[in-house]
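What follows is a short report on a single structure.
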Amino acid sequence: MASSAPSVGVKNQLLAALPPEVLSRLLPRMRSLSLRIRDSLIRPDTPIEAVWFVESGWVSLVATLEDGTQAEVGLIGREGMVGLPLITGIDTAFVEAFVQADGSALQMDAGAFRNAMEEEPALRPLLFRYVEAMYSQTTQTAACNGRHDLEQRLARWLLMAHDRAEGDELQITQEFLALMLCVYRPSVSTAASTLQRAGMIRYGRGHITVLDRAALEATACDCYAVVQRRFTRLLGA
Amino acid sequence: MMPHFCLNVRQGDVLLEDPEGGEFVSVEAARDEAIAAAREIMCEQIGRGELPERNDCIEIMNHDGHLMLTVSFDEALPPGP
């Protein structure tokens, strides 16, 4: 992974929300890393080595059942941070965090992050609000998976990914989409083809292009807008 | 290396191709997944108030694009009384 000193003008929205003097003290303790698709940042039940403030691309939080089945339980882009348990002082995670779309992040070692949480009073309330926002995203997803139909959930997921992407083309395989939505791949084909026939998206091998975002918003369940509102209320724009 | 199969969905005249396919331990494992997927698709249809089409099917294609096996939605349903 390429590494370099972080530049001024961060894209991560949590860091950008900090007072400039706090940010300027934190940045020297971080390094800029590229995130590559399928990189595993956190593995369940192993010590978390660092936190990652995502600058671009996105990271998926995935729960694994005893039989090996996986399902996405959270999505983190430039609005957030990977390594949530460290915020509350817990050093292992229960879920896996892996990169789902190439990008970059500002990484801080676990030890340096713990020190920063002690030394920078501005960090704690901001990150506690972020924990609550992520909890809200996860609880909404749990309820959504149980109640809403696959087309609504696919539309919701595409909007979440589109918010975190640069541009309208999302690098995403059917395999990942099936994992994201906790369904079999042929189900993804049927739901994606419905959205494609309605002119909302175009999909092919390894990519989906968003053609009509407004129509996706009309198709998605309310869960998308509900979580957006909560993020805005807790963390600002 | 595990064999690679595509699970295409045929709904009436429409063929929904599996763009990437996936790896399975065997064609039997691909068939098991096709049956589970057919059930899932039918559940979604019933949930929307639609009647599943029993002649729809999932076509299991090998790496060269040859049809290995067809799993009709009918096969994925429990046998009648």
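The chains referred to below are lettered A, B, ... by the order of the sequence lines, with proteins before strands, and numbering in each begins at 1. Just the heavy atoms: all of them, side chains too, but no hydrogens, waters or symmetry mates, feed the values below.
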| field | Residue B/Leu7 versus chain A: region with a heavy atom under 4.5 Å | value | both

| message | Please classify the contact between B/Glu20 and chain A as side chain, backbone, both or neither, with a heavy-atom cut-off of under 4.5 Å. | response | both

| query | Do other residues, nucleotides or ligands put more than 12 heavy atoms under 6.0 Å from A/Arg164 CZ? | reply | yes

| request: Step through the shown structure and confirm whether more than 12 heavy atoms of other residues, nucleotides or ligands are within 6.0 Å of CG on A/Asp149. | output: yes

| field | Pair A/Arg185 + B/Asp18, salt bridge at N-O below 4.0 Å | value | yes

| Contact winner vs chain A - B/Glu33, B/Gln11, B/Glu40, heavy-atom pairs under 4.5 Å | B/Glu40

| query | Counting N and O atoms only, with roles assigned by atom type, does the side chain of B/Glu44 sit under 3.5 Å from a partner on the main chain of A/Leu150, one being a donor and the other an acceptor? | reply | yes

| said: So for atom OH, which belongs to A/Tyr184, do other residues, nucleotides or ligands contribute more than 12 heavy atoms lying within a distance under 6.0 Å? | reply: no

| Has A/Arg129 got more than 12 heavy atoms of other residues, nucleotides or ligands less than 6.0 Å from its CZ? | yes

| message | Tell me whether B/Asp64 at atom CG has more than 12 heavy atoms from other residues, nucleotides or ligands lying less than 6.0 Å away. | response | yes

| Heavy-atom neighbours of A/Glu49 CD exceed 12 at 6.0 Å | no

| message | Minimum heavy-atom separation for A/Ser187 and B/Ile41, please, with both atom names. | response | OG-CG1, 3.6 Å

| Point-to-point distance, once rounded to the nearest 0.5 Å, from CD of A/Gln174 to CD of B/Glu17 | 11.0 Å

